[in-house]
Amino acid sequence: MNEICLREADRRELSEVASVVAGWSLDGPSLEALRARAGQSESLLSIGLEVQRNLRENGFVLVKNVPCSEDAELAALLGLVAIPSALGNGDTLFFDISPSSPDSADVSGTSAEFPLHTDSTFLSVPHDVLGLACVRNSVSGGESVIVRAADVADRVRAIGGADAVAALGEQVYPFYLRDPLFGHGIQMAPILVADGDKWCVRYRGDILAKLTERFELGEIHLHALSVLHQVATKPESCAVQVRMDTDDLLLVDNRRALHARTALGPGERRLRRMKGYSLTNFSWRII
């Protein structure tokens with residue numbers, strides 16, 4: 001398990017960082033103030049570097065003993081690894097996820113299983129980092145499932161061959177575009193592409209299923225997509241399950257890993273979702 005546990009001294013340090021924006025709204029200037037103050041702490045900077053290393057090498061990291069109910073502390077911690085963004089997150093830095101209705105249009109607002117996917121596929125540039133802060137969890141169920149894009153590529157190649165992997169890297173797959181900077185409509189994008197020795201992925205099986213009925217794809221692309229669906233449905237040994245408890249923060253590399261959620265059992269559950277752009281991604285936007 002890729003875990004980092006904050007010490008009580010780290011929590012006190014985060015509280016001191018948060019004090020610089022006491023009484024402020026969490027807008028662009030206050031986020032910059034939090035990042036600047038956190039950057040003065042060697043211990044917090046060390047945690048940020050360790051989180052970045054885990055995201056880079058493993059695609060996710062679980063940070064324990066995090067003040068998940070505190071806005072400024074959470075924003076400061078995320079700011080060590082990413083530029084926090086409300087864009088594509090319900091226009092808020094912290095989007096509450098809790099079961100509301102079995103008929104909710106958003107599966108994350110129900111108790112149902114949420115299959116493997118990446119977030120923000122509707123943006124021209126999806127977020128790099130996804131954060132899920134656990135305020136409380138259900139008695140059972142609700143485990144997060146993470147599968148690295150590199151492992152997806154290996155399994156697609158094993159089942160469908162190199163041609164299937166190559167086809168998934170072509171810019172022919174339809175996704176919705178709901179981006180205030182790039183407009184609304186449909187965008188064509190690759191699903192699985194090599195980025196040096198790493199792999200990047202953009203995937204929502206439900207959206208692709210709807211849109212590929214409207215947009216004609218070649219046989220090789222449909223076959224590759226079918227193989228990918230098979231891998232996403234049964235990731236087998238390459239999947240990691242994470243059970244979150246109160247004050248756990250799960251950070252996922254949204255460009256290099258798929259994530260899912262098992263069905264929820266009884267008991268009230270509340271997560272706070274955060275999104276951000278990598279500090280080295282020059283496509284990021286603040287708020």
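Atom set for the values below is all heavy atoms of this structure, side chains included, hydrogens, waters and symmetry mates excluded.
With sequence neighbours excluded, the residues that form a side chain to side chain contact (heavy atoms under 4.5 Å, CB included) with Ala112 are Val107, Thr110. Looking at residues two or more places apart in sequence or on another chain, you find a side chain to side chain contact (heavy atoms under 4.5 Å, CB included) between Ala257 and Ile146, Val252. Applying the salt bridge (Lys or Arg N to Asp or Glu O under 4.0 Å) test to Arg270 and every residue at least two apart in sequence or in another chain returns Asp96. Annotation: salt bridge (Lys or Arg N to Asp or Glu O under 4.0 Å) contacts of Glu42 (sequence neighbours excluded): none. Listed by chain and residue number, nothing satisfies the ring-ring contact (aromatic ring centres under 6.0 Å, His included) test with His184 (two or more places apart in sequence, or in another chain). Legend: residues meeting side chain to side chain donor-acceptor pair (under 3.5 Å) with Ser30, ordered by chain and number and at least two apart, are Asp27. Listed by chain and residue number, nothing satisfies the salt bridge (Lys or Arg N to Asp or Glu O under 4.0 Å) test with Arg202 (two or more places apart in sequence, or in another chain). With sequence neighbours excluded, the residues satisfying salt bridge (Lys or Arg N to Asp or Glu O under 4.0 Å) with Glu268 are Arg136.
We find that Asp154 and Arg157 are joined by a salt bridge, their nearest charged nitrogen and carboxylate oxygen being less than 4.0 Å apart. Salt-bridge check for Asp119 with Arg204: failed, with every basic side-chain N at 4.0 Å or more from each acidic carboxylate O.
A donor-acceptor contact shorter than 3.5 Å is absent between the side chain of Thr92 and the backbone of Phe95. Using modelled atom types, one side-chain atom of Lys275 and one backbone atom of Gly88 make a donor-acceptor pair closer than 3.5 Å. The main-chain N or O of Gly141 is found under 3.5 Å from a side-chain atom of Arg243 such that the two form a donor-acceptor pair. Between the Asp248 side chain and the Asp245 main chain, a donor and an acceptor come within less than 3.5 Å of each other.
Side-chain contact check for Asp71 versus Arg272: some heavy-atom pair is nearer than 4.5 Å. Looking at Arg56 and Arg256, their side chains never come closer than 4.5 Å, going by heavy atoms from C-beta outward.
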Q. Given the rule in the side chain to side chain contact (heavy atoms under 4.5 Å, CB included) test, do Asp10 and Ile47 qualify, once you have shown the distances and angles that lead to the verdict?
A. CA-CA 9 Å; Asp10 298 323; Ile47 291 169; 3.6 Å; yes

Q. Stepwise, does the side chain to side chain contact (heavy atoms under 4.5 Å, CB included) test hold for Leu271 with Arg269?
A. CA-CA 7 Å; Leu271 301 183; Arg269 185 182 199 250; 3.3 Å; yes

Please table the atom pairs, donor to acceptor, closer than 3.5 Å between any side-chain atom in residues 213-235 and protein atoms at least two apart or in another chain.
unit_1 : atom_1 : unit_2 : atom_2 : d
His221 : NE2    : Glu170 : OE1    : 2.9
His229 : ND1    : Tyr203 : OH     : 2.6
Thr233 : OG1    : His229 : O      : 2.7

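Figure legend: cation-pi geometry between Arg261 and Phe114 absent, as NZ or CZ is not positioned both under 6.0 Å from the six-membered ring centre and within 45° of its axis.
Residue Met188 is not grouped with residue Leu123 when hydrophobic side chains (ILVMFWY) are merged at heavy-atom distances under 4.5 angstrom, including chains of intermediate members. Side-chain heavy atoms closer than 4.5 Å link hydrophobic residues (I, L, V, M, F, W, Y) into clusters, and following such links, possibly through other members, connects Leu168 to Val172. Placement of Trp199 and Leu116 within a single hydrophobic cluster is found when ILVMFWY residues are connected by side-chain heavy-atom separations under 4.5 Å, directly or transitively. Residues Ile191 and Tyr176 fall into different hydrophobic clusters, defined by Ile, Leu, Val, Met, Phe, Trp and Tyr side chains chained together at heavy-atom separations under 4.5 Å. No path of Ile, Leu, Val, Met, Phe, Trp and Tyr side chains, each step under 4.5 Å between heavy atoms, connects Leu177 with Ile207, placing them in separate hydrophobic clusters.
Identified under the ring-ring contact (aromatic ring centres under 6.0 Å, His included) test for residues 237-263, with sequence neighbours left out: His117-His259. For residues 180-193, no pair satisfies salt bridge (charged side-chain N to carboxylate O under 4.0 Å, His left out), with sequence neighbours left out. Contacts classified as ring-ring contact (aromatic ring centres under 6.0 Å, His included) and involving residues 126-168 (residues at least two apart or in different chains) are given here: His127-Tyr277.
Thr262 and Glu113 are not linked by any side-chain donor-acceptor pair at a separation below 3.5 angstrom, with hydrogens and angles left out of the test. Between the side chains of Asn89 and Arg273, at least one donor-acceptor pair of N or O atoms lies under 3.5 Å. Counted by atom type alone, Asn54 and Glu3 present zero donor-acceptor pairs between their side chains at under 3.5 Å. Between the side chains of Asn254 and Asp128, no donor N or O sits under 3.5 Å from an acceptor N or O.
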